[in-house]
Number of protein chains: 2
Amino acid sequence: MANISDVAKLSGLSKTTVSRVINNHPYVSDKKREQVLKAMKELGYIPNPSARRLRGQLTTTIGVIVPRIVNPFFAHLINSIEQAASEKGYQVLIGQSYEDKEKEVAFLNLLKTKQVDGIIMTSTENDWNVIESYIEYGPIMLCNDYVNQEIAPMIRLNQAKGAYIGANHLIERGHRKIAYCTGGLFDEQGKGKDRNRGFQKALSEAGIKINPKWIFIDQHTIEDGKHVLRQILEMEDRPTAIFTGSDEVAGGIVIAAKEKGLTIPNDLAVIGFDDQPIAEILDPKLTTIRQPVDLMGEKSIEVMIEMLENPEMEIRNYDLPIELIVRQST
Amino acid sequence: MANISDVAKLSGLSKTTVSRVINNHPYVSDKKREQVLKAMKELGYIPNPSARRLRGQLTTTIGVIVPRIVNPFFAHLINSIEQAASEKGYQVLIGQSYEDKEKEVAFLNLLKTKQVDGIIMTSTENDWNVIESYIEYGPIMLCNDYVNQEIAPMIRLNQAKGAYIGANHLIERGHRKIAYCTGGLFDEQGKGKDRNRGFQKALSEAGIKINPKWIFIDQHTIEDGKHVLRQILEMEDRPTAIFTGSDEVAGGIVIAAKEKGLTIPNDLAVIGFDDQPIAEILDPKLTTIRQPVDLMGEKSIEVMIEMLENPEMEIRNYDLPIELIVRQST
DNA sequence: TTGTAGGCGTTATCAT
DNA sequence: ATGATAACGCCTACAA
């Protein structure tokens, strides 16, 4: 593999001049620039990123942590981030945490050794004080997930509002027996707390008391959704509607409900979250809360690049709109 | 960020000894090893991968090229590759080609500069002679996609057989008017040629003539599938069954068919390819050809690591089983 | 406008 | 068993 010296030799110039051409520095005569370019092409020369990184250069690489790539929501989020990054001349390095603290830390360590310029976290496994300790090595920001702090920018969706409008929609449809399904916990602190709050607010405003039996926590997959439906079927007093924290879980509920002979939305209204492709594939099509994935990707990259170019930048949060998409399941 | 000199200083030893400890070399006394380990922990030391790569080390990183991550088939394939790699202590670097030749070449270039030890290609955009020219920089192998050559190992599925059993299944169900939908072309050379051959073989063995009007090429997405159905509806002479090259396209056909009031499989039988999650979500559930994604990932990593450890390894191909999953759409 | 020299962090070679 | 030193490829003071 040709290196900068080879190019220098072939072009009859010094390494410095070659380097200047590579990096678009001024003070290179057009003639010599031509010579260098020609030699580079002739040798198929590509600057060695390891050497550049070692030298302390920016890497034009941004790391993105997701829980798992097989979750379509995150696959689409990665995609939108990568598209936006690509337009600005940045690469994206994808890391799956598999919801594992150590894997997350391992990825954050890329910052220490300048493998990436900055990191966008779409989920957080470790406590914030752990993550915070990496900020000295490079900018970190949160997109999608968020925590209570003011040290890293966050691209947030108003999850509370999303849950609120979703629950309200069910109430407007006449439901008063509403179940709730979350990927997190149903408490004041844990994952999904904002959605919990929005849900609770809608119900309390309508004078509806929450039935604890109809609260399902830690539900993620299609299989989980099927299981939820089976549990509901075994109840004496059944809900007439269910709000879920993901389209996948909602999908599982819809599929299992049909298998059991229930009609959606007549026997059970179902509302999802994310507006993934599956929402339009299901029959009936899923009413859901849309998360603006493309916007999230664009905004993340915009903010990240600003942090990279201007480290003194003011840290703030960016709230993106969230929207109810009414289809057939409610 | 602490470096090897800091560790050397703190432990009162030389860089060489520290390096020996890091790399598990022999000839280090247990006492000194302890000292070094302690200093490393104290400083939170992490070896700098850029320096190692620059020095010509193996990177324990394997690159994987996929067309796009939002395609669930490839998301799952990446996932299985990463799992297998992780067990062997290898990282995975994901690259999306977006079906673009230049993006693919850009990723292959990582090999030149030792950013990755080897590359697994799940699709190929460039001509083989282009890709072949990168083999001198590190092992390249194909998984899923394949070409006619003997220079790189390939993990193949017998696509011809897959298409053959799929088409045969339709024939056994009594169909004789069978349409065909491919992501490639319907010729002897281009993408998808093996599937084409299998399909043609099944029909010709049953004495069925192929109707060129029922051949749809370059179909990939759910939207494409919907479009195909609309085209079929406008035909005077309609097929009673359709074989598709992907579950996504099949899904689009199913969804659009239901919208138009057709009953599946009575009015139109549909068979997909891949056995993606969508196949079980669709209503009716999709009959499809399963590709053994987990096996593909495991085998790829196994072969790749063998190539890395033994560059003289004999190049051969690995054929994995492909299987018909009968559900409700046929 | 161009070139020389030093150092980024690591490991292999050669001494001791 | 341990250590000094050179080299990987690049960029940037500094010098000319």
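In what follows, chains carry the letters A, B, and so on, assigned in the order in which the sequence lines appear, proteins first and then strands, with residues in each chain numbered from 1.
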Would one find a side-chain N or O of [X] under 4.0 angstrom from OP1 or OP2 of [N]?
X      : N       : answer
H25(B) : dT2(D)  : no
N3(B)  : dG9(C)  : yes
Y27(A) : dT12(D) : no
K32(B) : dA1(D)  : no

Rounded to the nearest Å, what distance is computed from the [atom1] atom of residue [X] to the [atom2] atom of nucleotide [N]?
X       : N       : atom1 : atom2 : result
K9(A)   : dG3(C)  : NZ    : C1'   : 16 Å
R33(B)  : dT2(D)  : CZ    : C1'   : 13 Å
K112(A) : dG9(C)  : NZ    : P     : 14 Å
N24(B)  : dT10(C) : CG    : P     : 16 Å
I4(A)   : dA5(C)  : CD1   : P     : 16 Å
I22(B)  : dG9(C)  : CD1   : C1'   : 10 Å
N48(A)  : dG9(D)  : CG    : C1'   : 6 Å
K114(B) : dT11(C) : NZ    : P     : 15 Å

dist M313(B):CE -> M304(B):CE (nearest 0.5 Å) comes out at 9.5 Å

Separation between CE (M40(B)) and CD1 (I22(B)), nearest 0.5 Å, reads 6.0 Å

Please classify the nucleic acid contact of [X] as base, sugar-phosphate, or nothing, using heavy-atom distances under 4.0 Å.
X      : answer
T16(B) : base
K15(B) : base
P26(B) : nothing
R53(A) : nothing
R52(B) : sugar-phosphate
T17(A) : sugar-phosphate

Compute whether any side-chain donor of one residue and acceptor of the other, for T59(B) and Q115(B), lie under 3.5 angstrom apart. no

(message) Checking side-chain polar atoms at under 3.5 Å, does T124(A) have a donor or acceptor matched by the opposite partner on D145(A)?
(response) yes

Assign each of G12(B) and L54(B) the nucleotide of DNA chain D bearing its closest heavy atom; nearer the 5' end lies the nucleotide of G12(B)

Does the distance from a Lys or Arg side-chain N to an Asp or Glu carboxylate O, for K299(B) and E302(B), drop under 4.0 Å? yes

(message) Tell me whether E34(B) is salt-bridged to K31(B), with the criterion being a basic N under 4.0 Å from an acidic carboxylate O.
(response) no

Handout entry: Distance-only donor-acceptor test (3.5 Å): side chain R20(A), base dG3(C)
Key = yes

Testing dG3(C), dC11(D), dG9(C) for proximity to the side chain of R55(B), the answer is dG9(C)

Testing dC8(D), dA12(C), dT1(C) for proximity to the side chain of S29(A), the answer is dT1(C)

